[in-house]
Amino acid sequence: AKHKGKSAFAHFTPEMTEVSQDRLQMESRLRRALELRELELNFQPIVHTKSGHLCAVEALLRWRNPAMGMVMPDRFIPLAEETGLIIPIGEWVLENACRAAVRWKQISGQDIAISVNVSPRQFRDPSFPEVVMRILAECGLAPELLELEITERLLLDNSIETAEILRELDRAGVRLSVDDFGTGYSALSYLKSYPFDTLKIDKSFVQDVMKEPEDASLVKAIINMAHSLGLRVIAEGVEEEAQTHFLRQEGCDFSQGFFYSHPLPKQDFEEWLRTNER
Ligand code: C2E
Ligand code: CA
Ligand code: CA
Ligand code: CA
């Protein structure tokens, strides 16, 4: 099939690498992914560390393409960012995540918060706060049940625009969390100037907490610092029972990871919801 379109590519220089051709092909496939309904959300439980009870769910994007199979976000989110496709894709994610949260309330009778990842380009789009508020209104989801996860790297620019967008979202009642905390070589000063509610300790620290005393110290210090700033803490990447004991002992509020559940397709998550009484 590759050879068929050759004439159309005749203007390409010979040094055109295979990598960039793959990229182009992936880009054109990604452009059509929304209309072809190839995107789907998986859902990973976030539990209360002390009780193990479900309190929130993170929406994680998957792309199921006939030619490429299941594509994980690390492989296509960067491309979506570069091409701007993240704007419509991100809107789709928000809409579907919020709708799911409304549905779970109907299924379980409980308020289950939904966490949605927001990429830098999407966040900086001037219409982003409006889009969020419109979707909340359309779905009928209470703003405090939506948590937006913003990677620490985005906060390093320390710009006035970033602060304004965060304040606008905060005023609307949406929850804000710092994702991948500890990976951004950050100056911690942004924590006091931005209206965050939650801090997610990156899994790279959590994973070695039982093996590396330095990681254990860091996690303890992060939990204490977060609490003294009035922030709640989520530990990501919890895989072993021993880690749950450590996190409970150190007073980490919430936990997420394969130990509790892998990210699940919608149907499986709803099954999990029905069988895991809180
Ligand atoms: P993230 O936001 O840090 O999401 C957590 C990642 O860790 C997920 O990978 C999840 O499957 C994985 N994970 C969860 N528990 C464990 C564990 O116990 N051990 C290990 N080793 N991994 C665990 P995933 O789903 O492949 O997503 C990768 C990244 O892609 C996310 O990292 C996030 O930055 C990005 N992403 C995913 N969905 C979206 C989306 O809808 N929009 C945007 N902008 N980015 C997204
Ligand atoms: Ca996240
Ligand atoms: Ca807030
Ligand atoms: Ca993370």
Side-chain angles (χ1 to χ4, degrees), residues 1-44 57-100 114-128 130-132 134-135 148-157 165 179-180 183-184 200 202-204 236-237 256 258 261-269:
K2 252 187 183 168
H3 309 290
K4 264 195 208 157
K6 213 171 181 182
S7 56
F9 295 103
H11 60 282
F12 284 169
T13 57
E15 54 272 21
M16 178 101 190
T17 61
E18 207 162 302
V19 172
S20 57
Q21 289 210 30
D22 282 355
R23 208 197 102 108
L24 277 177
Q25 187 175 52
M26 191 145 161
E27 183 180 332
S28 71
R29 284 172 178 161
L30 191 57
R31 278 189 193 284
R32 306 194 56 205
L34 266 179
E35 50 174 310
L36 294 176
R37 297 170 175 269
E38 292 175 357
L39 298 181
E40 53 190 76
L41 291 178
N42 277 7
F43 299 100
Q44 187 176 34
V57 176
E58 180 172 1
L60 294 161
L61 188 58
R62 304 288 181 259
W63 176 20
R64 198 190 294 273
N65 178 271
M68 296 185 292
M70 181 72 100
V71 191
M72 298 302 276
D74 287 335
R75 272 188 68 205
F76 69 89
I77 295 281
L79 183 61
E81 272 268 306
E82 286 164 39
T83 53
L85 286 168
I86 194 67
I87 307 280
I89 289 175
E91 200 170 321
W92 181 91
V93 170
L94 263 171
E95 228 172 84
N96 283 273
C98 290
R99 268 199 227 127
I114 184 83
S115 286
V116 175
N117 293 286
V118 179
S119 78
R121 174 118 178 220
Q122 189 189 359
F123 180 83
R124 295 203 177 96
D125 188 74
S127 64
F128 181 67
E130 277 165 50
V131 168
V132 171
R134 174 178 53 77
I135 289 172
L148 299 176
E149 299 196 358
I150 292 150
T151 69
E152 186 176 45
R153 273 163 292 130
L154 185 146
L155 303 167
L156 301 184
D157 70 352
I165 299 166
D179 204 351
D180 307 330
T183 60
K200 295 189 84 167
D202 191 68
K203 55 178 176 285
S204 59
E236 290 191 313
Q256 177 181 4
F258 298 163
S261 169
H262 280 255
L264 300 170
K266 188 155 168 256
Q267 299 256 318
D268 297 353
F269 173 73

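Throughout, numbering of the chain's residues begins at 1 and tracks the sequence.
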Between Leu154 and Arg124, is a side-chain contact (heavy atoms from CB on, under 4.5 Å) present by the stated rule, with each step listed? CA-CA 10 Å; Leu154 185 146; Arg124 295 203 177 96; 3.8 Å; yes
Taking only residues two or more places apart in sequence, or in another chain, which ones meet Arg62 in a side-chain hydrogen bond (donor to acceptor under 3.5 Å, both in side chains)? none
Tell me, please, which residues at least two apart from Ser119 pass side-chain hydrogen bond (donor to acceptor under 3.5 Å, both in side chains). Glu81
Less than 4.5 Å apart, any side-chain heavy atom of Asn117 and any of Glu58? yes
For Gln256, is there any backbone N or O sitting under 3.5 Å from a side-chain donor or acceptor partner on Gln44? no
Side chain proximity check, Leu61 to Leu41, heavy atoms < 4.5 angstrom: yes
Arg23: which residues meet the side-chain hydrogen bond (donor to acceptor under 3.5 Å, both in side chains) condition with it, sequence neighbours left out? Glu82
Ile89 side, atom CD1; Phe76 side, atom CZ - distance, nearest 0.5 Å: 6.5 Å
Which pairs of donor and acceptor atoms, one on a side chain in residues 63-75, lie under 3.5 Å apart (sequence neighbours left out)?
| residue | atom | partner | partner atom | Å |
| --- | --- | --- | --- | --- |
| Trp63 | NE1 | Glu38 | OE1 | 2.8 |
| Arg64 | NE | Glu40 | OE1 | 3.0 |
| Arg64 | NH2 | Glu40 | OE2 | 3.1 |
| Asn65 | OD1 | Ala67 | N | 2.8 |
| Asn65 | OD1 | Met68 | N | 3.0 |
| Asn65 | ND2 | Glu38 | OE1 | 3.2 |

side-chain hydrogen bond (donor to acceptor under 3.5 Å, both in side chains) filter on Arg153, not counting sequence neighbours, yields none
Drop me the distance from Leu85's CG to Leu30's CG, to the nearest 0.5 angstrom. 5.0 Å
Within this structure, what is the NZ-CZ distance for the pair Lys203 and Phe258, rounded to the nearest 0.5 Å? 7.5 Å
Run the side-chain contact (heavy atoms from CB on, under 4.5 Å) test on Asp180 and Glu236 for me, step by step, so that the C-alpha distance in whole Å, both residues' side-chain angles and the decisive distance to 0.1 Å come before the verdict. CA-CA 8 Å; Asp180 307 330; Glu236 290 191 313; 3.9 Å; yes
Approximate separation, where rounding is to 0.5 Å, of Leu155 CG and Phe123 CZ: 7.5 Å
About how many Å separate CD1 of Ile135 and CG of Asn96, when rounded to the nearest 0.5 Å? 9.0 Å
When rounded to the nearest 0.5 angstrom, what is the spacing between CD in Glu95 and CD in Glu91? 6.5 Å
Here the pair of heavy atoms bringing Ser204 nearest to Thr183 is OG-CG2, 4.5 Å
Within the 4.5 Å heavy-atom criterion, are Phe43 and Asp268 side-chain neighbours or not? no
Partners of Arg121 by salt bridge (charged side-chain N to carboxylate O under 4.0 Å, His left out), sequence neighbours excluded? none
Tell me whether the count of non-hydrogen atoms from other residues, nucleotides or ligands lying under 6.0 Å of CD in Gln267 goes above 12. no
